[in-house]
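Report on one structure; see the data block that follows.
Just so you know, these numbers use all the heavy atoms, side chains as well, and skip hydrogens, waters and symmetry mates. Predicted model only: the values in this text are computed from it and were never measured.
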Amino acid sequence: MEGVGGIVVETEAYEPDDPASHSFGGPTPRNATMFGPAGTLYVYRSYGIHWCANAVCADEGVGAAVLLRALEPTIGVDVMRARRGVEDVRLLASGPGRLTQALGITAEHDGRELGKPPFALDPPRAAVEVVASPRVGITRATDLPWRYSLAGSSFVSRPRPRA
DNA sequence: TTTACGATTAACT
DNA sequence: GTTAATCGTAAAG
């Protein structure tokens with residue numbers, strides 16, 4: 001099979017009420033996708049150089065989504081290595097910008113439906129242990145423990161979630 | 001039209 | 001640990 005993929009090991013939640021969320025204060029042209037139906041992909045550019053991917057997880061007009069922060073590469077690792085230019089598998093997608101670069105996600109994919117080509121989405125095959133911790137990289141509402149990562153995973157974007 | 005800022009990363013001291 | 005890179009979006013004039 002071609003393409004790339006892996007196991008999502010870290011996410012962050014964003015709601016309309018959240019001052020740190022793009023959807024805070026209502027829809028704008030930029031975050032329009034975030035208010036779309038659940039199951040779509042919201043892509044935005046950060047600091048002009050990085051792409052970040054969100055999975056919309058609320059009905060149309062709500063504006064809630066989860067930011068995909070880290071991924072454990074399992075499919076097409078070589079492709080990702082080539083794209084990222086790094087050897088260490090743990091660095092391939094350990095961060096929002098890195099994740100999108102490794103998967104080749106750009107504005108082209110904004111608004112696309114997850115679970116449909118070129119995307120595929122599968123439920124966890126086994127029980128997983130998730131830990132909540134404060135979010136990273138934002139300047140507002142940093143107290144909210146809405147960062148969810150796979151317990152014990154060495155692929156998360158930050159080594160020490162500070163349990 | 002102009003200006004300020006960001007859900008980041010990589011490089012440097 | 002600190003700082004620069006880089007550009008689309010939003011808010012102000």
The reported gap from CG in A:Asp18 to CZ in A:Arg135 (rounded to nearest 0.5 angstrom) is 4.0 Å
As an exercise, state the distance from NZ of A:Lys116 to CG of A:Leu121, rounded to the nearest 0.5 Å.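 These two atoms lie 13.0 Å from each other.
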In whole Å, what is the span from the [atom1] atom of [X] to the [atom2] atom of [N]?
X	N	atom1	atom2	value
A:Tyr44	B:dT8	OH	C1'	8 Å
A:Leu99	B:dT9	CG	C1'	14 Å
A:Tyr14	B:dG6	OH	C1'	11 Å
A:Trp51	B:dT9	CH2	C1'	16 Å
A:Gln101	B:dA7	CD	P	20 Å
A:Leu67	B:dG6	CG	P	16 Å
A:Tyr42	B:dG6	OH	C1'	11 Å

The ring pair (Phe, Tyr, Trp, His ring centres under 6.0 Å) partners of A:Phe35 (sequence neighbours excluded) come to none
Counting primed atoms, P, OP1 and OP2 as sugar-phosphate and everything else as base, the B/S/- map of nucleotides 2-10 of chain C against protein heavy atoms under 4.0 Å is ---BBBSSS
Look at all strands and tell whether A:Arg140 reaches a base, only sugar-phosphate, or nothing, counting heavy atoms closer than 4.0 Å. nothing
- Query: Within the structure shown, what part of the strands sits under 4.0 Å from A:Arg135 by heavy-atom distance: base, sugar-phosphate, or nothing?
  - Reply: nothing
Per nearest nucleotide of DNA chain B, the residue lying toward the 5' end, A:Met34 or A:Val86, is A:Met34
Without hydrogens or angle criteria, can the side chains of [X] and [Y] be said to hold a donor-acceptor pair below 3.5 Å?
X	Y	value
A:Ser153	A:Glu72	no
A:Ser94	A:Arg90	no
A:Arg83	A:Gln101	no

Query - Watson-Crick or G-U counterpart of C:dT6, or none if no pair lies under 3.5 Å - result: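 Its partner is none (no Watson-Crick or G-U wobble pair with both distances under 3.5 Å).
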Looking at A:Thr139, I'd like to know whether one of its side-chain N or O atoms comes within less than 4.0 Å of OP1 or OP2 on B:dA7.
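Yes.
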Q) Hey, are the side chains of A:Tyr14 and A:Leu67 touching, using non-hydrogen atoms and a 4.5 Å cut-off? A) yes
